[in-house]
Amino acid sequence: MDTNKTLFIGIGNEWRSDDGVGLALARLLRQAAPPNVTVLESSGEGASLLALMEGAERVYLADALCSKQPPGTIQRFDLHSLNLSLDKLNCSSHLFGLAEALEVGRALNCLPAFLIFYGIEGQDFSYGQGLTPAVESALTTASQQILAEIKQDSNNLFSHNGSTDS
């Protein structure tokens, strides 16, 4: 992975209703992301997530949450300054998913230096396509928040890299 680029990974399963929200975010962001941003989609399988993040400096992740908040609630976490409880991220049908990948990455000291997670509280994780109305309505707001943060971080990164100190 080119460390000069920002990486966004949308996580989910579009065949499990609201579990597809991370993929939907990736598809929205792919259309509007700056050229220095690589947008990827992932099923959320832990080993492949670690491989996707390998060598990257700045990574944003997005997935459905199960944190007992109202459906459609958007939450943002800096994964280095906060230990998410595994139960919030265990909407996945994988035995080794995002939560476990983060724990392994911490243990192996191989997580990116900048690692932000955006979650949207899901409501329905049963088999089927399409997001519930509350989750669908959160997509635009979440994509705007993520895009604004990515652009701000990119501007800060470029201003620091391009600055000349006298």
Problem - Shortest non-hydrogen contact between Leu50 and Gly105, atoms and distance - result: CD2-CA, 4.1 Å
Practice task
State whether the side chain of Arg76 and the backbone N or O of Tyr118 hold a donor-acceptor pair below 3.5 Å, judged by distance alone.
Solution key: no
Handout entry: Phe125 to Leu65 - nearest heavy-atom pair and separation
Key = CZ-O, 3.9 Å
Handout entry: Sidechain-backbone polar pair: Gln31 side chain, Leu28 backbone, donor-acceptor under 3.5 Å
Key = no
Exercise for the section: Say whether Leu40 and Leu79 are linked into one hydrophobic cluster, either directly or through other cluster members, by side-chain heavy-atom distances under 4.5 angstrom. Expected result: yes
Completion exercise
What one should report as the nearest heavy-atom pair of Ile11 and Asp63 is O-OD1, 3.1 Å
Handout entry: Distance in Å, Leu102 CG paired with His80 NE2, rounded so as to fall on 0.5 Å steps
Key = 9.0 Å
Handout entry: Donor-acceptor pair between Glu121 and Ser67 side chains, under 3.5 angstrom
Key = yes
Practice task
State the CD1-CG distance between Ile9 and Leu61, to the nearest 0.5 angstrom.
Solution key: 5.5 Å
Counting only pairs under 3.5 Å, give me each side-chain donor-acceptor contact of residues 130-142, with atom names and distances, residues two or more places apart or in other chains.
from   : atom 1 : to     : atom 2 : distance (Å)
Thr132 : OG1    : Asp18  : OD1    : 3.1
Thr132 : OG1    : Asp18  : OD2    : 2.9
Ser137 : OG     : Pro133 : O      : 3.3
Ser137 : OG     : Ala134 : O      : 2.9

Problem - Arg30 versus Val39, closest heavy-atom pair with distance - result: NH2-O, 3.3 Å
Completion exercise
In this structure, CG of Leu115 is separated from CZ of Phe77 (nearest 0.5 Å) by 12.5 Å
Fill in the blank from the handout: On a heavy-atom basis, the closest approach of Gly44 and Leu49 is O-CD1, 3.7 Å
Handout entry: Aromatic Tyr127 / basic Arg16 pairing, under 6.0 angstrom, 45° off normal
Key = yes
Practice task
Hey, could you give me the SG/CD distance between Cys66 and Gln123, rounded to the nearest 0.5 Å?
Solution key: 11.5 Å
Practice task
Please check if the distance between the ring centroids of Phe114 and Tyr60 is under 6.0 Å.
Solution key: yes
Exercise for the section: Could you grab the distance from atom CG of Leu111 to atom CE of Met53, nearest 0.5 Å is fine? Expected result: 5.5 Å
Completion exercise
Tightest non-hydrogen contact, residues Pro112 and Ala56, listed as CB-O, 3.4 Å
Handout entry: Euclidean distance, Asn13 CG relative to Gln129 CD, rounded to 0.5 Å
Key = 9.5 Å
Exercise for the section: Output yes when a side-chain donor or acceptor of Ser143 lies under 3.5 Å from a complementary backbone atom of Leu25, and no otherwise. Expected result: no
Exercise for the section: Determine, using the 4.5 Å side-chain heavy-atom cutoff (strictly less than), whether Ile120 and Ile150 are members of one ILVMFWY cluster. Expected result: yes
Practice task
Would you mind reporting whether Glu149 and Ile116 have side-chain heavy atoms less than 4.5 Å apart?
Solution key: yes
Exercise for the section: Begin from the C-alpha positions of Leu98 and Phe117 and carry the test side-chain contact (heavy atoms from CB on, under 4.5 Å) through to its verdict. Expected result: CA-CA 10 Å; Leu98 174 58; Phe117 176 82; 3.5 Å; yes
